[in-house]
Amino acid sequence: MLVYLSLSLRCWNLEVAKIILDTKKYLREKKRMEITNVSEYETIAKEKLPKMVYDYYASGAEDQWTLKENRNAFSKILFRPRILIDVSKIDMTTTVLGFKISMPIMIAPTAMQKMAHPDGEYATARAASAAGTIMTLSSWATSSVEEVASTGPGIRFFQLYVYKDRNVVAQLVKRAERAGFKAIALTVDTPRLGRREADIKNRFTLPPFLTLKNFEGLNLGKMDKTDDSGLASYVAGQIDRTLSWKDVKWLQTITSLPILVKGVLTAEDARLAVESGAAGIIVSNHGARQLDYVPATIMALEEVVKAAQGRVPVFLDGGVRRGTDVFKALALGASGIFIGRPVVFSLAAEGEAGVRKVLRMLHDEFELTMALSGCRTLKEITRNHIVADWDQPRVVPRL
């Protein structure tokens with residue numbers, strides 16, 4: 001009897017110990033999964049994704065100086081908050097090309113999202129729609145314009161690369177129009193692909209179970225495995241290096257959709273974009289994946305805004321990870337911002353729920369920044385709310 005009781009007690013103790021260990025493990029996992037800011041998703045994505053896929057999303061060109069600078073440059077801008085202002089009501093709504101959205105935070109085009117999660121662009125589209133904001137679909141998506149449109153209502157833009165075969169371009173634009181997309185974001189900084197050394201080391205190529213869905217059946221060749229980056233080889237064979245400002249005007253002859261020129265970093269090109277009939281400008285360095293040692297986009301923004309002279313809206317793409325970053329961009333004259341990597345990293349970590357959470361966190365952080373800066377509407381955010389490293393010594397304005 002005593003032996004039986006002793007064995008039973010020992011088994012009971014083992015069960016209790018197992019429950020305690022499982023509980024501790026659960027609590028550790030729960031704590032690890034309690035994401036409190038956007039950047040934390042990258043760590044989880046790195047753990048979950050194959051190295052080739054993570055490196056494709058995360059890396060930049062050559063020395064990756066611009067990649068680091070896209071983030072670091074935001075720290076060169078400080079706030080000048082105003083106090084004793086009634087901020088009990090904050091309105092973050094805005095309009096982009098005539099479409100009302102819940103906040104000036106939108107989703108940039110990022111390619112091949114099904115490498116991050118099986119739902120890919122479907123999940124991103126649903127998350128953007130739920131948040132009341134705009135999703136931009138990449139030409140190189142792993143879901144077609146028609147498939148993304150089938151996810152339900154939403155305001156969507158289509159990012160366009162210009163192929164050598166202009167019939168393919170015209171066909172793609174028409175399909176986007178028919179699918180209900182509201183604008184074309186024309187990428188203008190990629191006559192050739194930047195030297196992305198991580199992709200070269202990994203011999204990057206699209207996994208065999210995925211395709212660039214917008215080009216299925218068009219006999220444009222595949223992104224095959226090569227001794228280099230498969231994507232670089234694909235771009236070299238397909239993308240038109242002769243693209244010029246006259247093509248922006250040509251695009252306006254084949255579509256009635258407004259055209260955003262994506263990839264502008266200088267005042268000279270901002271003026272040419274306006275003269276060419278662009279409906280808007282996206283200040284972008286392609287996520288620091290093209291030409292290294294170009295300025296961070298937040299550093300280039302004000303120059304472009306001043307050159308546009310209010311004739312078209314100017315948007316920022318690149319480096320945004322906090323609501324404070326959004327405020328700084330708007331204070332420098334941006335009409336809104338786009339996020340890219342936070343979307344694919346959160347998608348990899350938690351699917352649609354992750355993308356929704358990223359949009360919610362940025363929304364809430366931006367709202368808090370507005371309140372603490374004394375701004376109740378986007379129009380109240382001004383250049384006087386920030387001071388930047390490059391500013392002249394400030395003369396205190398008289399009240």
Atom pair [atom1] ([X]) and [atom2] ([Y]), whose distance is rounded to the nearest 0.5 Å:
| X | Y | atom1 | atom2 | result |
| --- | --- | --- | --- | --- |
| Leu251 | Arg166 | CG | CZ | 9.0 Å |
| Arg271 | Ser276 | CZ | OG | 13.0 Å |
| Asp91 | Met103 | CG | CE | 13.5 Å |
| Asp199 | Arg203 | CG | CZ | 11.0 Å |
| Leu210 | Met112 | CG | CE | 9.5 Å |
| Met92 | Ser102 | CE | OG | 7.0 Å |

Do any N or O atoms from the side chain of [X] and from the backbone of [Y] form a donor-acceptor pair under 3.5 angstrom?
| X | Y | value |
| --- | --- | --- |
| Glu69 | Ala296 | no |
| Thr66 | Val294 | yes |
| Asp292 | Glu62 | no |
| Lys174 | Ile254 | yes |

Nearest non-hydrogen partners of [X] and [Y], listed with the distance:
| X | Y | value |
| --- | --- | --- |
| Ala349 | Tyr41 | CB-CD2, 3.5 Å |
| Met299 | Ala73 | CG-CB, 3.7 Å |
| Leu172 | Ser139 | CD2-OG, 4.2 Å |

Considering only heavy atoms from C-beta outward, does the side chain of [X] approach that of [Y] to under 4.5 Å?
| X | Y | value |
| --- | --- | --- |
| Lys51 | Asn202 | yes |
| Phe338 | Val343 | no |
| Tyr122 | Glu147 | yes |
| Arg71 | Asp325 | yes |
| Ile386 | Leu332 | yes |
| Gln113 | Leu347 | yes |
| Thr324 | Phe74 | no |

Side-chain donor-acceptor pair present, [X], [Y], cut-off under 3.5 Å:
| X | Y | result |
| --- | --- | --- |
| Asp189 | Asn285 | no |
| Glu40 | Thr36 | yes |
| Tyr54 | Glu42 | yes |

### Verdict with reasoning, Thr382 to Arg82, per side chain to side chain donor-acceptor pair (under 3.5 Å)
CA-CA 11 Å; Thr382 70; Arg82 301 301 306 278; over 6 Å; no
Point to revise | Aromatic plane relationship, Phe327 with His385 - under 30° parallel, 30 to 60° tilted, over 60° perpendicular | key: perpendicular
Q) Trp65 vs Tyr293 aromatic rings, parallel, tilted or perpendicular, using cut-offs 30° and 60°? A) parallel
Path from [X] to [Y] over hydrophobic side-chain contacts below 4.5 Å:
| X | Y | result |
| --- | --- | --- |
| Leu137 | Val344 | yes |
| Phe158 | Ile155 | no |
| Ile77 | Ile381 | yes |
| Met106 | Val304 | no |
| Leu378 | Ile90 | yes |

Taken in chain and number order and not counting sequence neighbours, the residues that satisfy ring-ring contact (aromatic ring centres under 6.0 Å, His included) with Tyr161 are Trp140
For this session: Could you tell me whether Arg289 sits above the aromatic face of Tyr56, with NZ or CZ closer than 6.0 angstrom to the six-membered ring centre and within 45 degrees of the axis?
Result: yes
Under 6.0 Å from the NZ atom of Lys68, do we count more than 12 heavy atoms belonging to anything else shown?
yes
Check against side chain to side chain donor-acceptor pair (under 3.5 Å), Thr136 and Gln159: CA-CA 6 Å; Thr136 313; Gln159 176 271 332; over 6 Å; no
